[in-house]
Amino acid sequence: MNVHPGQKVGLVGPNGSGKSSLFALVRGELHADAGEVDLPPRWVMSHVAQETPAVERAALEFVMDGDEELREIEREIAIAEAAHEEGIHLANLHARYEEIGGYQARARGQTLLAGLGFDEAAQSRVVARFSGGWRMRLNLARALMCRADLLLLDEPTNHLDLDAVLWLEDWLGAFPGAVILITHDREFLDAVVGGIVHVENRKLNAYAGNYSAFETQRAARLGQQQAAYEKQQRVVAHLEAFITRFRAKATKARQAQSRIRALEKLERIAAAHVDSPFYFAFKAPAEKPRQLFRLEDVSVGYGGAPVLSGVEWSVLPGDAIGLLGPNGAGKSTLLKAIVGDLVPTAGEIHRAQGLRIGYFAQHQVDQLRLDESALWHLARLAPGEREQSFRDFLGGFDFRGDQVSQKVASLSGGEKARLALALIVWQRPNLLLLDEPTNHLDIEMREALAQALTDFEGALIVVAHDRHLLSAATDQWMLVADGKVAPFEGDLDDYKQWAREYHARGTRREGRETPSVNRREERRSEASVRQREAAARKPFEKRLAAIEAQLAPLARESAEAEAWLALPDAYEEANRERLQSTLKRRAELLDRISGLEDDWLWTQAEIEKELDKLKG
């Protein structure tokens with residue numbers, strides 16, 4: 001696996017396949033049993049910490065700490081000024097501070113926090129006062145604050161709402177460094193990455209293009225693999241039949257032994273397994289009221305000014321609705337009011353007789369009994385049901401064998417979410433309220449959920465940052481913003497534009513309350529820096545272009561050789577000479593490609609050295 005400067009790669013594969021372990025290997029937290037991890041000299045790496053200490057430090061200051069060089073220069077300047085030091089050393093510190101954007105760093109941190117949903121008041125709040133999900137956002141902002149050459153992101157969208165996901169998507173698109181991204185959000189992958197590395201059978205398989213391109217290429221490869229597998233199985237069966245028949249006969253013993261050796265040397269092709277482990281569907285609701293609920297001039301909140309007011313809305317069976325709106329606008333509040341967890345401060349909610357609500361939110365996962373099993377949870381819902389019925393049903397959510405009897409405490413976050421969903425599906429609701437149901441679910445489970453929701457006969461209201469699920473499962477939108485709930489005409493692309501304009505209006509309002517900076521001087525300084533850097537890069541860029549020109553045809557030839565060597569026909573007697581020449585040529589190609597890639601990386605390192613000379 002090679003990652004070049006500026007390249008953005010998606011790392012995909014089932015949960016537990018080793019993606020996070022690969023990140024730990026790159027970070028140096030794990031050591032390779034074989035092979036090496038090579039990083040160019042001076043590369044700065046950034047990743048999102050999984051734990052956030054409950055520190056009494058303002059959120060903005062905590063995020064700015066992510067730029068370690070910035071903080072170190074600030075400390076050195078403070079020490080020098082406290083000692084009334086003057087001269088070249090202090091001048092060099094100030095020059096370096098300007099070069100790394102020190103005077104704009106606070107504005108950069110504010111922009112990151114605003115994009116991830118922190119308003120001006122929240123940016124001043126101490127870290128210890130935020131919940132776990134918001135602390136993960138702080139960790140993400142801190143990682144983005146680092147001026148990194150390589151950014152490692154492991155499920156960065158899990159704790160984000162749709163608006164923050166859209167903002168992060170744009171930010172990563174403009175990020176000049178390399179990115180390796182682990183996420184189960186296929187729309188996010190499609191928008192951000194230009195290459196996919198798939199972890200499968202303890203191997204890394206690289207694909208060009210985004211996630212949709214990967215799916216197409218992998219489907220074609222699996223089709224070829226299945227055909228090759230079936231052909232090879234016929235060869236294996238023929239060899240085994242010969243061995244069984246003639247092994248004991250002296251006249252055929254030598255030939256039998258040669259076929260045994262041939263069978264041992266034959267690299268077995270795995271059967272192509274593309275079926276998802278998940279298969280479930282919502283049973284038809286027992287009751288289908290004409291109107292499930294109606295909100296009549298409803299206001300709802302948590303004391304003080306209402307979050308939403310004057311809401312008029314009714315939902316019928318078959319409605320499939322996605323709730324859109326900025327973070328904190330009241331989407332989850334609205335769901336809580338519908339389900340009855342929050343009493344309106346004004347107006348009335350009319351619920352149909354026979355209304356059966358299936359409500360999924362994070363607190364449903366938290367309410368699972370950790371000391372009990374999946375079987376126990378189902379048995380509590382249906383005391384007279386046979387255990388085998390429970391096992392068959394849980395199998396659709398990939399709980400199999402002894403796992404159905406394990407304590408919930410031993411399950412992963414994704415497995416707990418799957419169990420919470422399974423309990424909802426079992427109860428045959430006629431109204432589904434889903435608040436971020438895809439957190440911790442892998443792509444296969446998200447696909448299965450989207451399919452099940454498409455076939456659901458009741459009504460659906462969903463809040464999600466997963467646009468693929470929203471697009472697949474819903475057919476109308478309601479916008480929750482500025483204290484109101486109203487239909488949204490358009491699609492998710494239209495909403496992305498609406499969100500940009502909405503947040504830009506908010507940024508302009510906040511901008512009037514913050515001191516302005518001299519943008520003319522900033523632009524002049526930035527232009528000067530860019531000119532010097534471009535001049536320094538120019539001789540190296542010619543060398544890089546020459547290397548890339550040599551690499552392209554070699555890579556194509558190598559790929560063609562690999563494709564031929566993967567065919568069973570390559571090992572037939574008639575192709576012996578071609579096989580030998582292809583193996584020899586492949587070895588030459590791999591050696592040449594490896595040398596050119598090393599030249600490319602070290603040329604990049606030379607560029608970094610020249611740029612460092614300019615800066616200091």
Side-chain angles (χ1 to χ4, degrees), residues 1-2 12-14 17-18 32-36 195-209 213-275 549-598:
M1 174 180 175
N2 293 309
V12 303
S17 60
D33 295 329
E36 295 181 1
I196 294 289
V197 173
H198 184 223
V199 185
E200 185 178 28
N201 298 326
R202 294 185 294 180
K203 292 183 179 180
L204 302 180
N205 297 311
Y207 297 82
F214 152 72
E215 282 194 317
T216 301
Q217 294 173 61
R218 182 167 181 258
R221 184 179 68 80
L222 287 174
Q224 294 170 352
Q225 178 181 333
Q226 187 66 29
Y229 169 77
E230 291 170 358
K231 185 171 184 178
Q232 189 189 68
Q233 287 301 104
R234 292 194 293 271
V235 173
V236 169
H238 177 75
L239 289 172
E240 288 177 340
F242 185 93
I243 293 166
T244 302
R245 185 178 179 189
F246 295 112
R247 193 174 203 166
K249 295 190 176 182
T251 57
K252 297 286 186 180
R254 183 175 296 176
Q255 295 177 32
Q257 288 300 319
S258 71
R259 281 163 174 74
I260 291 172
R261 288 194 295 271
L263 197 59
E264 290 171 348
K265 290 179 181 178
L266 191 63
E267 184 176 349
R268 297 298 176 100
I269 300 170
H273 296 293
V274 295
D275 293 337
Q550 293 178 68
L551 270 173
L554 295 175
R556 284 195 297 270
E557 187 180 351
S558 177
E560 290 169 1
E562 291 287 349
W564 187 77
L565 289 169
L567 299 174
D569 292 350
Y571 302 92
E572 293 181 355
E573 185 64 27
N575 290 319
R576 177 187 293 182
E577 291 185 9
R578 183 181 174 185
L579 175 63
Q580 292 174 346
S581 64
T582 302
L583 289 171
K584 182 180 178 182
R585 180 56 180 162
R586 183 185 65 165
E588 293 170 354
L589 288 168
L590 293 176
D591 185 60
R592 181 64 179 144
I593 289 170
S594 177
L596 287 170
E597 286 178 343
D598 285 344

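- Taking the side chain as every heavy atom from C-beta outward, Tyr207 and Val12 never approach each other to under 4.5 Å.
- Side-chain atoms of Glu557 do not come within 3.5 Å of backbone N or O of Pro553 as any donor-acceptor pair.
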Take Val197 and Asn205 through the side chain to side chain contact (heavy atoms under 4.5 Å, CB included) test and state the conclusion after the steps. CA-CA 5 Å; Val197 173; Asn205 297 311; over 6 Å; no
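- Scanning both residues, Leu554 and Leu589, for their nearest heavy atoms gives CD2-CD2, 3.6 Å.
- Of all heavy-atom pairs spanning Ala208 and Ala213, the tightest one is O-CB, 3.9 Å.
- The CZ atom of Arg578 lies 14.0 Å from the CZ atom of Arg585; values are rounded to the nearest 0.5 Å.
- Remark: Ala555 engages no residue in a side-chain contact (heavy atoms from CB on, under 4.5 Å) (not counting sequence neighbours).
- At a threshold of 4.5 Å between non-hydrogen side-chain atoms, the residues Leu579 and Trp564 count as touching.
- A search for salt bridge (charged side-chain N to carboxylate O under 4.0 Å, His left out) contacts involving Glu572 returns nothing, not counting sequence neighbours.
- The side-chain heavy atoms of Lys584 and Gln580, taken from C-beta on, include no pair separated by under 4.5 Å.
- Not a single side-chain contact (heavy atoms from CB on, under 4.5 Å) links Glu560 to another residue, sequence neighbours left out.
- Remark: Asp591 CG to Leu596 CG distance equals 9.5 Å, nearest 0.5 Å.
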